[in-house]
2 protein chains.
Amino acid sequence: MPLTAEPLDICDEAPSPRQQAVLDAVLSLIVEGDDPLTMDAVARRASCSKETLYKWFGDRDGLLTATVRWQASRVHAGRYEVHGLDAATLRDNLQDFAESWLAVIASRSSVALNRIAVAHAGSHKSNLGAIVLANGRFAIGERVKPVLEAGRAAGLLAFEDGEAAFRTFFGLVGRDIQIRLLLGDAIPLDVAEIRSDAARAVEQFLTLYGQA
Amino acid sequence: MPLTAEPLDICDEAPSPRQQAVLDAVLSLIVEGDDPLTMDAVARRASCSKETLYKWFGDRDGLLTATVRWQASRVHAGRYEVHGLDAATLRDNLQDFAESWLAVIASRSSVALNRIAVAHAGSHKSNLGAIVLANGRFAIGERVKPVLEAGRAAGLLAFEDGEAAFRTFFGLVGRDIQIRLLLGDAIPLDVAEIRSDAARAVEQFLTLYGQA
DNA sequence: GCCGAACCGTACCGTACAGTACGGCAATGC
DNA sequence: GCATTGCCGTACTGTACGGTACGGTTCGGC
């Protein structure tokens with residue numbers, strides 16, 4: 001097993017440092033968003049040869065997939081406490097979720113990555129959209145639902161279906177923001193705005209699902 | 001001024017019948033979604049020459065733009081009564097909005113068109129995304145807000161900012177549906193499901209904004 | 001010092017597709 | 001009858017880009 005990078009065909013393995021540098025180059029190109037993200041541009045930015053690109057990632061789709069995974073691996077935030085939940089902690093947790101989710105979907109890299117994945121989902125030939133979904137919408141759902149259920153167990157929330165409750169929360173937080181950003185609308189969203197947006201969403205969610 | 005079609009360069013004019021047939025051909029190709037929507041495919045499907053396509057629509061972007069406008073011109077639904085609003089009528093109106101909006105965003109043509117527009121918004125060189133936004137999200141906003149304000153005038157709703165209230169309604173209706181569909185997730189959404197989804201959204205909205 | 005592996009840089013190939021040119025045909029005007 | 005016009009169908013051009021091939025360089029192992 002050499003120290004150098006192996007091809008990550010069925011890419012469940014973590015990328016080597018050099019591969020991470022390549023993926024960061026892809027991300028930087030995506031975020032800048034001026035060039036149409038060609039393999040030549042990636043090779044140039046990453047100071048590597050296209051041959052290496054294809055050896056490591058198989059093809060363009062493989063490179064994109066690895067990039068999405070790489071980006072996702074950096075986003076996953078900390079765990080949340082679900083034992084001995086009181087009203088204030090529940091509210092704080094939901095506020096945290098809402099803020100970080102808004103920050104993610106408003107980031108240039110998320111917008112660009114989602115654009116690529118959406119375009120890809122049209123020409124059906126890879127599961128890039130599914131990967132983005134699994135690491136975005138569904139990942140956050142799996143992290144929020146335990147909190148909601150803990151809230152219910154503590155008598156703070158009332159709902160039948162945790163999934164449905166989460167989807168309502170999701171809608172209250174995101175509203176029209178993601179689709180507008182994807183379609184090129186320039187919404188100014190600074191930190192203060194994100195915070196107040198999140199607070200409003202949490203307030204509304206607690207109005208709908210809060211117990212007493 | 002001949003009866004035949006003129007180029008619609010600054011395409012605010014309505015397309016001629018023959019041009020409408022071409023645009024319908026584009027839509028049918030988009031909805032089928034198998035081919036990558038090449039100009040050759042359009043010409044073949046519409047039984048016209050590429051030369052005519054370029055003469056009428058300028059270039060590929062012009063054709064896409066005209067198609068989006070054409071599709072939008074068929075979607076705009078009827079007006080809504082805002083005088084003498086009672087609680088039941090308000091609820092019915094909101095229910096109608098929610099149902100028709102869900103039906104639109106879940107339709108194959110909407111998903112495909114939005115995919116194209118999103119992809120286009122990435123490579124910034126035309127305002128396709130802006131057009132989709134203007135005829136989708138913003139058009140429905142302009143139609144719902146008067147209803148909300150009429151509801152407030154009738155003492156049925158309470159809110160400060162009509163835009164904010166609408167955005168909450170939008171979020172409650174759409175939740176994660178549009179982004180999931182755009183990313184290729186296959187959500188089964190039949191008429192019954194749309195109806196109950198819309199009813200839940202209206203119920204939640206009235207819980208948040210209803211007066212007494 | 002030598003070998004081989006990994007890799008960079010660059011040149012190259014093939015294809016898909018936007019956009020153009022042109023011959024032919026049908027309809028209209030005179 | 002003949003010219004003109006609008007359009008279809010097809011052939012063509014140019015180019016961008018995914019993917020491949022290969023010479024040159026560095027580096028670790030022996």
Side-chain angles (χ1 to χ4, degrees), chain A residues 1-9 13 15-26 29-30 32-67 115-116 119-120 122-126 128, chain B residues 1-9 13 15-26 29-30 32-67 115-116 119-120 122-126 128:
Chain A
M1 188 65 156
L3 283 178
T4 54
E6 286 291 290
L8 23 92
D9 288 320
E13 331 150 33
S16 74
R18 183 71 179 101
Q19 290 173 335
Q20 292 177 13
V22 171
L23 297 179
D24 282 330
V26 176
L29 282 174
I30 285 178
E32 292 169 20
D34 301 318
D35 318 278
L37 193 63
T38 167
M39 298 295 277
D40 281 281
V42 172
R44 224 174 305 123
R45 172 67 58 98
S47 294
C48 73
S49 73
K50 288 210 293 175
E51 194 173 25
T52 303
L53 249 34
Y54 284 101
K55 183 180 175 190
W56 284 350
F57 304 103
D59 57 0
R60 188 171 184 272
D61 272 18
L63 178 60
L64 256 28
T65 302
T67 304
R115 284 210 185 111
I116 293 175
H120 228 120
S123 59
H124 33 80
K125 61 182 174 182
S126 87
L128 239 187
Chain B
M1 189 67 158
L3 284 179
T4 53
E6 287 290 292
L8 26 92
D9 289 320
E13 331 153 30
S16 73
R18 183 72 180 103
Q19 289 172 336
Q20 291 179 13
V22 171
L23 297 179
D24 281 330
V26 176
L29 282 174
I30 285 178
E32 291 169 23
D34 300 318
D35 318 280
L37 194 62
T38 165
M39 297 297 275
D40 281 281
V42 172
R44 223 173 307 121
R45 172 65 60 97
S47 293
C48 72
S49 73
K50 288 210 294 176
E51 194 174 23
T52 303
L53 248 36
Y54 284 101
K55 182 179 176 189
W56 285 350
F57 303 102
D59 58 0
R60 189 171 183 273
D61 273 17
L63 178 61
L64 255 29
T65 303
T67 303
R115 285 212 183 107
I116 292 175
H120 226 137
S123 60
H124 36 78
K125 61 180 173 181
S126 86
L128 240 187

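Numbered from 1 within each chain, the chains take letters A, B, ... in sequence-line order.
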Tell me the interatomic distance from [X], atom [atom1], to [N], atom [atom2], rounded to whole angstroms.
| X | N | atom1 | atom2 | answer |
| --- | --- | --- | --- | --- |
| A/Leu53 | C/dA6 | CG | P | 17 Å |
| B/Leu63 | C/dC17 | CG | C1' | 14 Å |
| B/Leu64 | C/dC17 | CG | P | 14 Å |
| B/Phe57 | D/dC7 | CZ | P | 11 Å |
| B/Lys55 | D/dT5 | NZ | P | 11 Å |
| B/Leu29 | C/dC17 | CG | P | 13 Å |

Measuring from [X]:[atom1] to [Y]:[atom2], what's the distance to the nearest 0.5 Å?
| X | Y | atom1 | atom2 | answer |
| --- | --- | --- | --- | --- |
| B/Ser123 | B/Leu128 | OG | CG | 9.5 Å |
| B/Asp24 | B/Thr67 | CG | OG1 | 9.0 Å |
| B/Asp35 | B/Ile30 | CG | CD1 | 11.5 Å |
| A/Gln19 | A/Cys48 | CD | SG | 10.5 Å |

Taking OP1 and OP2 of C/dC7, is either one under 4.0 Å from a side-chain nitrogen or oxygen of A/Trp56?
-> yes
Would a 4.5 Å heavy-atom cut-off, applied to side chains only, mark B/Leu37 and B/Ile116 as touching?
->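 Sidechains of B/Ile116 and B/Leu37: in contact.
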Please report the shortest heavy-atom distance between [X] and [Y], naming the atom on each side.
| X | Y | result |
| --- | --- | --- |
| A/Thr52 | A/Ser49 | OG1-OG, 2.9 Å |
| A/Ala43 | A/Lys50 | CB-CG, 3.8 Å |
| B/Pro36 | B/Arg60 | O-NH2, 4.2 Å |
| B/Ala66 | B/Leu23 | O-CD1, 3.8 Å |

With 3.5 Å as the limit, what N/O pairs link the protein to nucleotides 21-24 of chain D?
| residue | atom | partner | partner atom | Å |
| --- | --- | --- | --- | --- |
| D/dC22 | N4 | A/Glu51 | OE1 | 2.2 |
| D/dC22 | N4 | A/Glu51 | OE2 | 3.3 |

May I ask you to list the residues of residues 33-48 of chain A, by number, that have any heavy atom positioned under 4.0 Å from an atom of DNA chain C?
-> A/Ser47, A/Cys48
Give the nucleotide from the list D/dC7, C/dG19, C/dC8 with an atom nearest to the side chain of B/Thr52.
->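 Nearest nucleotide to the side chain: D/dC7.
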